[in-house]
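See structure below.
Note that the structure is a prediction, hence the values are computed from the model and not measured. Each chain gets a letter, A, B and so on, in the order the sequences are listed, and its residues count up from 1.
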There are 4 protein chains.
Amino acid sequence: MIKDKEFMRERIILAAMRVFSKYGFFKAPVHLIAEEASVSKGLVFWYFRSKRELIIEVAKRSLPLEIIDSCLESGLSGEKILECIGKGYMEKYRDPVQRSLLLHTMALETLYEEIAKEMNSLCEEKLDEAAEKVFGESSVRGKVALRAFFGGLMCYILRRPKDINEKVFLKNLISIIMAGYENKTAS
Amino acid sequence: MIKDKEFMRERIILAAMRVFSKYGFFKAPVHLIAEEASVSKGLVFWYFRSKRELIIEVAKRSLPLEIIDSCLESGLSGEKILECIGKGYMEKYRDPVQRSLLLHTMALETLYEEIAKEMNSLCEEKLDEAAEKVFGESSVRGKVALRAFFGGLMCYILRRPKDINEKVFLKNLISIIMAGYENKTAS
Amino acid sequence: MIKDKEFMRERIILAAMRVFSKYGFFKAPVHLIAEEASVSKGLVFWYFRSKRELIIEVAKRSLPLEIIDSCLESGLSGEKILECIGKGYMEKYRDPVQRSLLLHTMALETLYEEIAKEMNSLCEEKLDEAAEKVFGESSVRGKVALRAFFGGLMCYILRRPKDINEKVFLKNLISIIMAGYENKTAS
Amino acid sequence: MIKDKEFMRERIILAAMRVFSKYGFFKAPVHLIAEEASVSKGLVFWYFRSKRELIIEVAKRSLPLEIIDSCLESGLSGEKILECIGKGYMEKYRDPVQRSLLLHTMALETLYEEIAKEMNSLCEEKLDEAAEKVFGESSVRGKVALRAFFGGLMCYILRRPKDINEKVFLKNLISIIMAGYENKTAS
DNA sequence: CATGAATGAGCCTTCATTCAT
DNA sequence: AATGAATGAAGGCTCATTCAT
């Protein structure tokens with residue numbers, strides 16, 4: 001059945017995510033992934049032409065592209081967009097596996113063209129598009145503000161401080177970004 | 001002479017930085033580093049007990065710890081600290097080698113205890129200390145603001161947008177952070 | 001139908017011949033043969049117990065045994081036999097697939113007992129039998145002459161010189177062998 | 001010392017010849033060669049970039065190119081050349097290792113460009129050159145005769161008949177070729 | 001200090017073969 | 001008969017590390 005095939009593929013990907021997040025893409029041998037998925041090593045190569053292909057599949061999934069896309073296309077505007085993105089991030093990267101993978105994936109950019117493209121789109125087009133939608137205009141200040149927003153989120157995700165919970169962090173971050181953007185006199 | 005010894009060690013480290021930045025820590029074979037430094041492979045292991053040791057040395061250098069330290073100990077206060085840090089970042093990571101290394105080093109955190117500690121200190125203590133010095137008080141909002149600041153810098157460094165130069169970005173970022181922090185009513 | 005069964009078996013063998021001639025017996029994966037025959041990999045193993053069995057089947061077919069047999073049993077005598085064999089060779093090995101296979105099969109002799117036997121019979125008994133029938137007596141000189149004949153054919157087949165066509169080559173070869181055998185004084 | 005390096009390289013080549021002659025180029029794993037040479041597997045790859053490189057080195061050595069070259073350049077003429085080549089062949093391929101390797105190398109022609117070239121030169125230029133030198137003129141008949149000579153040698157080498165020793169075979173073969181060539185009336 | 005030959009563990013990948021469907 | 005998913009055993013090759021010189 002087609003279902004079976006997709007199911008097995010998915011099973012391998014999920015196992016790979018766990019293993020890659022623990023050892024990094026290049027220190028994780030394929031046989032560990034096979035074991036984690038409880039399949040033979042050969043089967044991994046039945047579903048993925050090469051380790052590289054598996055890495056790229058996992059890496060793409062670890063990026064927040066679809067979060068941003070869905071928030072941008074949701075019809076929301078203003079700081080609601082930031083809320084949407086913020087919540088999406090928090091949810092996705094609450095999982096330590098995803099958090100660790102994100103770090104490893106960011107480093108891949110130097111090595112894999114496919115990942116570099118994905119990150120380009122994420123960090124330039126999407127980000128500028130978001131800036132426009134959030135602030136209702138395209139401006140340097142907006143772009144900077146959005147970078148501060150994204151960066152702030154990233155910072156929180158990568159090193160979650162024990163004394164600030166998700167909601168509080170997000171509320172403050174959005175407030176800082178929105179207020180900071182408005183108050184142009186301060187610049 | 002002792003000088004010679006230090007000189008050679010330094011030469012190997014610099015070669016390693018170039019090679020690691022290009023291939024990543026784990027895909028860069030030691031013999032490439034030796035070639036880049038124009039020394040024999042054996043010599044690399046005379047100066048560094050293992051590849052791991054060399055990786056850690058290079059990784060530590062790629063972090064912005066000493067920038068932050070020097071700014072915190074400079075006696076500056078308020079947004080002058082942000083300026084100091086911002087300029088330091090821009091300067092250090094203008095070099096694509098450093099930029100690429102930073103990405104790879106961040107991913108190391110999962111694997112090397114030494115790097116994890118360094119990043120812990122950087123992302124928690126130093127950051128909170130900075131927040132206090134910048135805003136003159138210890139508050140959640142301050143910590144969030146500083147994360148937005150750092151994150152914004154990181155964002156800019158990793159993907160330098162063509163249409164925003166360093167100075168403009170920094171001025172806007174600092175202004176947004178400072179203004180956003182002040183204007184608590186917006187939250 | 002039985003016909004179908006034989007037909008499919010034949011189809012796989014023909015595909016195997018093409019693939020083996022291109023890649024050699026050991027560098028040709030079974031899945032390529034299956035693809036060439038437009039059947040599934042599993043089916044190849046339904047018709048042949050193992051790859052080895054398929055190799056031997058193909059290898060045997062690439063030898064000129066049945067050519068020699070039919071000429072020896074044809075009732076011909078003297079140089080007519082050489083003509084018969086010569087024409088048979090030319091016809092069979094005009095096909096580059098057969099020519100390439102012959103080379104690969106000859107190398108198999110070291111590895112597969114079955115092929116070694118076949119080649120033994122070919123290169124000793126059959127050859128000596130031919131010598132006797134051609135020259136009307138069993139003599140060392142006759143055996144040598146027939147080896148020169150066979151070897152000459154082989155030489156022509158493996159590297160067909162552009163400036164000598166099949167007929168001319170064969171006429172000259174037979175003439176040389178027959179005349180050389182007769183003229184014992186020259187020895 | 002340079003001597004040591006060449007010595008070790010040679011040692012590996014000789015081991016490879018023995019192993020390849022027994023298992024064929026593609027069924028002989030590198031680790032067997034290493035064992036045969038009493039070195040580590042890694043060392044084989046220190047001296048030869050790849051297995052392919054080692055194969056080609058061994059294959060080239062198994063061809064009779066230098067025998068033919070030295071006979072053609074020896075200043076000999078007429079059937080003396082055939083004697084020279086014949087003796088060279090007998091000597092070289094008396095060794096079963098060389099004999100087996102020759103078979104395997106001939107099959108390589110289909111796969112490796114380098115070997116194809118070598119065999120081209122051997123079977124076309126060299127052979128035609130020899131024909132001219134032996135018979136004092138360039139003619140189709142001469143070329144055919146020389147192919148019969150070479151082929152006869154090959155035949156003998158590959159399957160040495162027990163009842164014909166080297167000397168007798170060679171004497172008869174040369175006599176047949178020379179007499180057969182002369183006696184044009186027979187054609 | 002410096003070199004580079006030598007080692008051996010381990011990795012990615014291929015592929016013959018089996019088997020449930 | 002026929003398919004193709006699944007297995008596992010090798011195989012080629014890389015590379016960190018050691019060591020004699």
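- Without hydrogens or angle criteria, Lys60(D) side chain to Glu118(D) main chain gives no donor-acceptor distance under 3.5 Å.
- No donor-acceptor pair under 3.5 Å is formed between the side chain of Arg99(D) and the backbone N or O of Tyr93(D).
- Residue Glu53(B) contributes atom CD, which lies 14 Å from atom C1' of dA16(F) at whole-angstrom precision.
- In this structure, the CZ atom of Phe48(C) is 15 Å from the P atom of dA16(E), given to the nearest Å.
- Spacing between atom CZ of Phe20(A) and atom P of dC11(E) amounts to 13 Å, rounded to whole angstrom units.
- Out of dA6(E), dT3(F), dT17(F), the shortest distance to the side chain of Ser40(D) is found at dA6(E).
- Using N1 to N3 plus N6-O4 or O6-N4 for Watson-Crick, or N1-O2 and O6-N3 for G-U wobble, each under 3.5 Å, dA9(E) pairs with dT14(F).
- Residue whose closest nucleotide on DNA chain F sits further toward the 5' end, between Lys51(D) and Trp46(C): Trp46(C).
- Only Ala28(B), Pro29(B), Val30(B), listed by number, bring a heavy atom of residues 23-37 of chain B to less than 4.0 angstrom from any atom of DNA chain F.
- Between the Ser100(B) side chain and the Pro96(B) main chain, no donor and acceptor come within less than 3.5 Å of each other.
- Distances from the side chain of Phe45(D) to the nucleotides dA16(F), dC13(F), dT17(E) place dC13(F) closest.
- Between Arg52(D) and Gly42(A), it is Gly42(A) whose nearest contact on DNA chain F lies nearer the 5' terminus.
- Within a 6.0 Å radius of OH in Tyr23(D), other residues, nucleotides and ligands contribute 12 heavy atoms or fewer.
- Nucleotide dT17(E) is matched to dA6(F) when pairs are restricted to Watson-Crick or G-U wobble geometry with both distances under 3.5 angstrom.
- For the pair Lys5(D) NZ and dA6(E) C1', the interatomic distance rounds to 13 Å; values are reported in whole Å.
- Separation of the C1' atoms belonging to dT21(F) and dC1(E) is 13 Å when rounded to the nearest angstrom.
- The CG-P distance, from Leu54(C) to dC15(E), rounds to 16 Å in whole Å.
- Atom NZ in Lys41(B) sits about 12 Å away from atom P in dT14(F), given to the nearest Å.
- Nucleotide dT18(E) holds its P atom 10 Å from the CZ atom of Arg49(C), rounded to whole Å.
- The side-chain heavy atoms of Phe25(C) and Thr105(C), taken from C-beta on, include a pair separated by under 4.5 Å.
- Between Glu10(D) and Arg61(D) there is a salt bridge, since a side-chain N of the basic residue sits under 4.0 Å from a carboxylate O of the acidic one.
- The OH atom of Tyr47(A) sits 13 Å away from the P atom of dG4(F) (whole-angstrom rounding).
- Between Arg9(C) and Glu57(C) there is a side-chain heavy-atom pair separated by less than 4.5 Å.
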